[in-house]
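Below is one structure, written out as structure tokens; comments come after it.
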Amino acid sequence: MTPAKLAATVLTAARAVFTARGLDLSVLPASITVERPRNPEHGDYASNLAMQVAKRAGLNNPRELATALAEELGRAPGVKSVEIAGPGFLNIRLDAAAAGSLARLVVQAGREYGRSEQLAGQRVNLEFVSANPTGPIHLGHTRWAAVGDSLHRILAAAGAEVTSEHYINDAGAQVERFGRSLMAAATGEPAPEDGYGGEYVAEIAQRIVAADPEILSLPADEALLSFRDQGYLMMLQEMRESLERFGVHFDVWFSERTLHDGGAVEHALDELRKQGHIYESEGAIWLRTTDFTDDKDRVLIRSNGEKTYFAADAAYYINKRERGFDRCIYMLGADHHGYVGRLKAIAACAGDDPDVNIEILIGQLVNLLRGGVPVRLSKRAGNIITLDELVEAVGVDAARYSLARSSTDSTLTLDIEEITRKSSDNPVFYVQYAHARISSLLRNAAELGIGRGDDFDAALLSHERENDLLKTLGDFPAVVATAAELREPHRIARYLEEQVANNYHRFYDACRVLPQGDEAATDLTRARLWLVEATRVVLANGLELLGVSAPERM
RNA sequence: GCGCCCGUAGCUCAGCGGAUAGAGCAACAGACUUCUAAUCUGAAGGUCGCAGGUUCGAAUCCUGCCGGGCGCGCCA
């Protein structure tokens, strides 16, 4: 019996009670969920339905309605008992067999367990990282890389059709500065005032000169363009490789230049003009974003004829919509939260619904300490911690996990010394260890020639630890669905460490699975092997959603 | 000044209106001749920033205040 099935059973019971009493069926919700009480005395599951609907059904005593519900629900198959508590909670206990049968469902579903069709039919464009190709991926981007890629996996698991996308700012002042910085480095001059100064600049410059020695004898303006274009392409290639090593995949790398070169900006201006939100003032072309959710209007074409970055943003959004995405999700750092209003306004000015077609997730920044001392991040000063350095220090799994396990609403503080020195204390190992322990147990079972067979007696899984573990495994689909709906990958990590791994380790401590010495395997052995395999499935599926490996040995 | 985010155990953080607010780390006391002790058990640790409000019920929702982070260009 899954929680979803039980919830449906509760609702069916409620409909029966309402019908029998001539109450208004329309006050019942279309669907409900059951809760998992923290206190075991409150049963396996609990429902607050009676309290929620009593008043609207014209009843002033929720407990009285709860009593009728309890009586009806108590007759449902798989339900062992229903008690009424407090102001009208229904505390529900399941038969051991009904609870234990969940292990069968999980094992049979395998890699599919946790997936749903909740977001089926949604075409989602998920843009994240979008780092300037003027330097390595640094720690600030790395949080979005981990969280964004995980969100990609979670949304897909919830049935959405998702395209992950990385925008390349290859058309603007930043790449120009990068080009000048490269050329200066190649010719032994100091970095320009507004340029980039890290060691990597000199290194890229050397590689360009090595690959293309003629570059230094070109006229200065041609050499500059060549440094710029070769340089950002090299940088881009490094970014891709770093991200792929990190397990982060982008379906599309979208070049800003192609917007300009392909006439997409002009096209966007036409579209916005059609919607009536464009005007001219002081020689510039403006978008009247204040018609919607912006605090000031924005310039699209400057009085000197240059297109603004904002114009490209608008063109990019319209381009996404024309490619068929009905939900455009942007993941931005808190240092860009000022863009929310204007991006929403672009959607509104284009005639879209800013509450549906565009969604902007703002994540707080990462603070970096080294031995308790703040490390300031500055790409231009070259004082940066890169994605590659973090991975080298702690590994992909620990890096991804520690970045993805906290809500992006919270500023994250990482101490380089701590995650390097204490890496064995990282919670990711707690989760991975549970998976490795299971894998080892299953290997031992195979060596002993003990299989779990085609089926098992679910009623044998009646130990308190088994019951806790079963209920935890039953929560997984709802956890994935919630993580998808709220765009919060950290829920997966918290569930895995605080629920699944924790309950498995406790079960393992209390319940012997394999026979000892000369003992023979029993029906209980086989039932527990089903439960163990079901746990392995949930751990593996959950870790997959985080892009973290599920090791068979540690 | 205006806007967004945060404020929960010594530290790092969970807790999409539900019952006695949790985990990890740190610190204390225990458990390994048996399926991996990277584990488990026990004890300890709290004015959920403050004050009102909504509700049968608020850490959670609303308002105000205090404290911290970030942002408010015809920059990119």
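Below, chains carry the letters A, B, ... as their sequence lines are ordered, and counting in each starts from 1.
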Please determine whether a side-chain nitrogen or oxygen atom of [X] lies at a distance below 4.0 Å from atom OP1 or OP2 of [N].
| X | N | answer |
| --- | --- | --- |
| S402(A) | G24(B) | no |
| K296(A) | G73(B) | yes |
| N367(A) | G68(B) | no |
| R528(A) | C35(B) | no |

Return the nearest nucleotide to the side chain of [X]; candidates are [options].
| X | options | value |
| --- | --- | --- |
| S407(A) | C35(B), U36(B), A14(B) | A14(B) |
| H505(A) | C40(B), C5(B), G15(B) | C40(B) |
| N444(A) | G15(B), U39(B), C35(B) | C35(B) |
| E488(A) | G15(B), C70(B), C74(B) | G15(B) |

Taking the inter-plane angle between the rings of [X] and [Y] on a 0 to 90° scale, is it parallel (under 30°), tilted (30 to 60°) or perpendicular (over 60°)?
| X | Y | value |
| --- | --- | --- |
| H277(A) | F292(A) | perpendicular |
| Y167(A) | Y309(A) | perpendicular |
| Y196(A) | F178(A) | perpendicular |

So what does [X] touch, heavy atoms closer than 4.0 Å: a base, only the sugar-phosphate, or nothing?
| X | result |
| --- | --- |
| A284(A) | base |
| R506(A) | sugar-phosphate |
| S440(A) | base |
| T411(A) | sugar-phosphate |

Could you write out each protein N or O paired with an N or O of nucleotides 19-23 of chain B at a distance under 3.5 Å?
unit_1 : atom_1 : unit_2 : atom_2 : d
A19(B) : OP2    : R38(A) : NH2    : 3.1
A19(B) : N6     : N91(A) : OD1    : 2.9
A19(B) : N1     : N91(A) : OD1    : 3.2
A19(B) : N1     : N91(A) : ND2    : 3.4
U20(B) : O4     : N39(A) : ND2    : 2.8

Q) Taking only residues at least two apart or on different chains, which pairs with a member in residues 330-348 of chain A satisfy salt bridge (Lys or Arg N to Asp or Glu O under 4.0 Å)? A)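 Every pair satisfying salt bridge (Lys or Arg N to Asp or Glu O under 4.0 Å) with a residue in residues 330-348 of chain A: there are none.
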- prompt: Does any pair with a residue in residues 514-529 of chain A pass salt bridge (Lys or Arg N to Asp or Glu O under 4.0 Å), and if so which ones, sequence neighbours excluded?
  reply: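 For residues 514-529 of chain A: E466(A)-R528(A), D523(A)-R526(A).
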task = Take atom P in C50(B) and the same atom in G67(B), then report the distance between them in whole Å.
result =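 Comparing P positions in C50(B) and G67(B) gives a spacing of 15 Å.
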Practice prompt. Could you list the residues that satisfy side chain to side chain contact (heavy atoms under 4.5 Å, CB included) with N467(A), not counting sequence neighbours?
Written response: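 Applying side chain to side chain contact (heavy atoms under 4.5 Å, CB included) to N467(A) gives D44(A), A99(A), K471(A).
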Taking only N/O atoms, report every protein-nucleotides 53-58 of chain B pair under 3.5 Å with atom names and distance.
unit_1 : atom_1 : unit_2 : atom_2 : d
C56(B) : OP1    : K55(A) : NZ     : 2.2

Query raised in the report: Should stems be defined as at least three consecutive Watson-Crick or G-U pairs with both distances under 3.5 angstrom, which of them involve RNA chain B?
Result: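 The stems that RNA chain B takes part in, listed by first number, are B:1-7 with B:66-72, B:10-13 with B:22-25, B:28-31 with B:39-42, B:49-53 with B:61-65.
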inquiry  = So that I can tick it off, tell me whether D295(A) and R298(A) are bridged by a salt bridge, with the cut-off set at under 4.0 angstrom between side-chain N and carboxylate O.
reply    =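 Answer for the salt bridge query: yes.
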